[in-house]
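Below: one structure, written as structure tokens.
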Amino acid sequence: MVHCFLIHTLGPVSGLPVGGSRILFSRVFGPEEGEALLNTPAPDLCPEERRLLQREKLALVTRQVRSVCGLQREAGGRPAVEAVLGDESAALMDADSGVFRLGAGDPFPGGVTVLWLAVQAVGFTLVCPPHENLLLGESALRSLARVCLENLRLLGPGSEVVLKSDRIEAALNRLLPHGQLLFLNHRFAQILDKDLAAYMAK
Amino acid sequence: MYASGTESLIKQAREIQEEELQKFYSRISKLVHTKDYGNETVDSLQRLHLIVSATKYGRTIPSDLYKKLQALLCSPSTPEQIQVLCSGTLRESLPIRVHNLSTEDIQDSRTINYVAAVILAQAGHKNDLTALSNQLLKSLESRQPECQISRHVLPILSKVISFSPECLTEDHINLVNRKLVDWLRYASVQQGASMSSGGFFTGPRSRQPAPLTEVDGAVAGDFFTVLCVGQSYTEDQWMNMYAFSMIRKWLLTYDTEGTGNADAAHLKRAHYMQSLSQDDRSEVDGSVMSMVSATSSSSRLLPPKERLREKAFEYCHRLIEQSDRKAQKKADTELQKACLVEAVTVMDIICKEDPSFVYRAFPCIKALYGRLNAELAFARVVLPIAQFYLNHSETAAVDSEAVFRQLFSQFPGELFNESLLAFEFTQFCRANVAVLQEGVALYRQSFPNLLKFLAWNSPALISEFAELLPSLLCPETAIEVLHSLLDLPCLAAALDLQLRSASLQAPEKTLWDQGPKVTSSLEAFRQPSYRGMFLYILRPEAGTGDTIDRLSLLHEVLADMAESPRTVQCAQTVPVLLHLFFNTVVQFADKKLINQLVLILLERSGLLFNIRNYKTEVQRVFSSHLLVLCKLHPSLIVEQSRELIDFTCTTANIYSKEDLYIHMVWVIGEYLSVSHDARCTVEQITSFFETLEAVLFEIMQVRQLAGPPRYSPRLITVLMTTLAKLASRSQDLIPRVSLFLSKMRSFARSATVASCFSEEDLEEILTRAHELINLLKLPSVAQFVLAPSARGDSPRWHRDSNASLPLSMRTVSSLLHKHGSFQHC
């Protein structure tokens with residue numbers, strides 16, 4: 001079960017501290033698994049504090065992704081590429097990707113695995129529990145990134161990612177329902193894609 | 001590209017004024033009231049969603065609007081887009097009213113889905129989910145036609161149980177177990193009804209349902225799995241896919257019981273097998289059976305839990321068979337790999353619960369390994385296989401040597417640059433560290449290979465290796481590990497060269513004739529004369545020697561890689577690992593090993609790859625651990641006196657590694673004493689004294705001749721104190737040191753010195769000299785003050801001579817004062 005899905009920036013954003021990352025979209029699928037282990041889901045926090053804590057955790061994840069991705073790109077000797085509009089699929093082919101672990105309590109109680117995909121200056125991130133099937137996670141992340149790139153023109157100058165977030169929700173609802181990674185063969189995937197295309201066309 | 005427009009939208013959403021916001025709320029309220037689902041409503045709801053989600057502080061939506069959104073969300077007639085927006089907005093906003101939402105009366109599967117999303121996101125307590133899970137289970141129970149069941153019932157349930165498994169009662173669990181068996185094992189084997197209506201004149205055609213195919217296009221030979229392809233799927237085939245997607249989680253949550261129970265289950269199974277001959281309804285007439293169905297055991301009367309285990313096992317078995325087929329689509333090839341990982345992992349879980357499955361699983365797992373081991377493309381599938389061997393090979397008396405040999409010898413060397421494999425590999429090691437350390441000799445021996453993952457992916461893997469490093473250390477490997485850690489940046493550079501060299505097509509020409517001088521590291525890498533060096537750095541296993549002679553030559557050859565980002569990143573992780581190394585080693589190091597380590601510190605402190613800051617950082621680590629090593633084994637000063645004298649008499653060491661040098665001088669003063677080692681002779685003290693005296697003399701001279709001093713004032717005070725300490729232990733030396741100290745005033749007054757050291761520093765030097773002169777006038781007191789007994793080992797007492805000396809002085813002077821005043825009385 002994926003804990004959450006994030007779309008965020010990987011480049012500098014004015015007004016953010018150095019190394020910060022702006023979260024453009026976030027979807028947390030439910031309470032954290034580790035909380036269940038402790039059986040005390042943040043006992044003394046009111047809903048507002050709980051939300052704040054959750055947001056801070058997500059911000060930490062995206063900062064980490066930005067940093068790890070930056071280091072990986074630097075090590076690979078790949079300079080940041082300028083966006084080429086209309087060539088989303090090529091951008092996706094060239095995307096960097098990686099994975100790292102955040103230990104227990106740092107900040108998620110049970111520890112998590114963070115799977116990321118960096119398409120130019122946009123990061124797509126899945127936060128998973130420690131023993132998720134990463135091969136499946138990667139392909140889900142790629143499909144989601146593809147749908148988002150195609151339908152929100154994320155690499156362009158528009159602001160659809162924040163204004164048309166329902167499209168991302170609709171995609172998640174089909175490809176990653178409630179955070180469940182699905183074993184989709186190409187036909188299952190095509191059928192879901194078709195259904196999604198019908199949604200986008202509206 | 002991140003547009004400034006987006007940023008300003010987010011800002012606006014965050015900073016919207018209360019008054020404006022209230023107006024906006026009421027406008028939306030009106031729009032949704034009129035059931036107008038046009039563009040304006042959609043647009044407003046999108047903006048509302050942005051406003052509530054853009055800030056980390058929750059926004060409270062007015063209660064009438066909240067109710068309206070909730071009503072829209074729960075009404076099946078609402079268009080999906082509006083439902084999505086309502087669901088998203090309610091999820092992100094306050095107040096949280098999970099209890100107000102209920103899926104009770106909702107039949108529509110899409111609606112249940114979006115309502116559940118809100119409930120799950122806002123649940124703060126397990127009670128919040130009980131109603132939802134009861135509702136879902138009720139829908140499973142009622143014998144509705146399959147299409148009435150929400151497809152998403154399993155993902156929702158999966159989320160619920162990962163938060164609070166106790167939501168489900170034993171009956172519930174049995175119900176789901178039965179359902180899962182049905183979906184997994186008995187989904188239709190025909191394609192779903194095609195949606196296509198016929199031509200204009202013909203009307204809807206009723207076509208004969210076509211059979212499903214395997215991923216390679218052959219007609220499906222057995223029961224339905226996620227690797228079966230059809231034009232469209234029936235509802236139970238969709239459920240099959242969802243069921244397999246969650247089966248691992250389900251088994252891990254509810255299939256746990258003591259092995260005692262597993263024995264009982266085994267007995268039960270044996271009993272049922274005897275009493276029944278055939279019961280499976282999956283045996284479709286005329287279809288070609290695969291091995292799985294042909295060997296399927298009768299299990300209808302097994303209790304639900306055992307039956308699910310049986311069916312899940314068969315499902316996995318079939319997936320493994322199916323993965324042998326050559327997929328027509330690339331996506332399916334990828335899915336096959338993911339399925340293999342899942343199938344092997346699920347089999348592992350089942351075998352852990354009921355060891356009787358081990359004997360059935362092994363032939364299949366073994367065959368799978370045999371099939372995959374030659375192809376590196378399947379490396380990530382080999383990891384769960386290795387896990388299976390690790391867990392069960394003993395039970396089944398199967399030899400696992402070959403699997404681990406491939407794992408540790410081949411993967412790191414050839415696949416170090418695959419970041420996901422590297423991660424999964426280290427996770428595998430972390431998860432099994434105790435077993436690997438004890439039971440798999442190859443693990444520790446392969447540390448040079450394992451370090452390749454780290455050298456290449458250091459930022460992502462440093463925390464993993466921080467956990468693994470202690471498990472790689474033992475008295476036999478410690479020295480070689482230390483050298484390897486120090487050479488880690490060289491390894492990163494060499495791996496880079498290895499990749500680049502391999503990517504160059506056939507060597508342009510043989511490089512035999514170029515002689516030893518090379519212009520680039522890449523060229524050197526391809527030169528036979530450097531081959532041995534690179535082979536050593538890239539060696540797969542430990543044991544070929546702790547290090548090599550010509551390290552400085554290697555550093556020279558690699559000089560053009562010293563600024564490559566990967567090498568630099570790698571170098572930055574080394575100090576952390578060195579700290580960890582020493583902290584671990586001192587737990588088991590004997591005197592011999594400590595002696596060796598100190599010698600390596602001395603040797604390697606200068607013999608490092610020339611990366612910016614690298615030497616300084618490593619020397620800092622060395623300095624702090626030198627103190628620990630000497631404290632553990634003070635005799636090493638006596639035992640290694642030759643080497644220590646060599647090190648300290650070389651004034652060049654002051655300029656290249658001052659920190660380490662100062663620490664070395666300090667430990668000599670601290671531990672060269674009969675009280676620490678009875679073998680310590682007057683001659684030894686004298687020879688150390690004379691060495692340090694000459695050094696102090698030399699640097700004070702050089703300073704006046706040449707330019708400003710290139711060392712810190714601290715070096716002078718530590719040298720003076722150490723000389724005084726040694727003199728106090730061999731009192732013939734006292735006049736010499738006193739004479740020397742008395743010259744400090746003229747030294748401090750000289751122009752060059754005054755221009756470089758600050759006033760306070762000079763003051764400090766003079767005070768120290770003065771104190772020491774006075775102290776040495778009373779040799780017996782000096783001996784006490786300058787050599788605290790080993791028992792006075794309290795942390796603050798003599799950790800640092802700078803701190804302990806004034807303290808001791810104060811103690812002594814207060815004693816003297818008391819004595820004096822007593823006399824006056």
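Throughout, protein chains are lettered first and strands after them, A, B, ... in sequence-line order, and every chain is numbered starting at 1.
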Residue [X] versus chain B: region with a heavy atom under 4.5 Å:
X	answer
A/Val162	both
A/Ser67	neither
A/Leu176	neither
A/Ile191	side chain
A/Phe29	both
A/Arg27	side chain

Quiz prompt | Heavy-atom closest contact (A/Ser165 atom, B/His49 atom, distance) | solution = OG-ND1, 3.0 Å
Practice problem: Quick one: closest heavy-atom pair of B/Leu120 and A/Pro31, and the distance? | Solution: O-CD, 3.1 Å
Quiz item: Can you tell me if A/Gln180 and B/Ser158 form a side-chain donor-acceptor pair at under 3.5 Å?
Solution: yes
Under 4.5 Å from a heavy atom of chain A, the part of [X] involved:
X	answer
B/Arg430	side chain
B/Glu467	side chain
B/Leu420	both
B/Gln569	side chain
B/Lys329	side chain
B/Ala116	both

Value rounded to 0.5 Å, distance of [atom1] in [X] from [atom2] in [Y]:
X	Y	atom1	atom2	answer
B/Glu334	A/Arg142	CD	CZ	9.5 Å
A/Gln54	B/Lys56	CD	NZ	13.5 Å
A/Gln190	B/Ser232	CD	OG	12.0 Å

Quiz prompt | Any donor-acceptor N/O pair, B/Asp332 side chain to A/His186 backbone, under 3.5 Å | solution = yes
Exercise. Let me see the working for B/Arg380 and A/Glu138 under salt bridge (Lys or Arg N to Asp or Glu O under 4.0 Å), right down to the final yes or no.
Key: CA-CA 13 Å; B/Arg380 288 172 70 184; A/Glu138 271 174 279; 2.7 Å; yes
As an exercise: rank [options] by heavy-atom pairs under 4.5 Å with chain B and give me the winner.
options	result
A/Arg55, A/Glu160, A/Arg51	A/Arg51
A/Val161, A/Asn133, A/Leu184, A/Leu181	A/Asn133
A/Arg187, A/Arg101, A/Glu74	A/Arg101

Quiz prompt | Most contacts with chain A, counted as non-hydrogen pairs under 4.5 angstrom, among B/Thr55, B/Leu45, B/Asn457, B/Asn113 | solution = B/Asn113
Practice problem: Classify the ring geometry between B/Phe224 and A/Phe188 as parallel (under 30°), tilted (30 to 60°) or perpendicular (over 60°). | Solution: perpendicular
Exercise. Output all residues satisfying side chain to side chain donor-acceptor pair (under 3.5 Å) with B/Gln237, sequence neighbours left out; order by chain, then residue number.
Key: B/Thr234
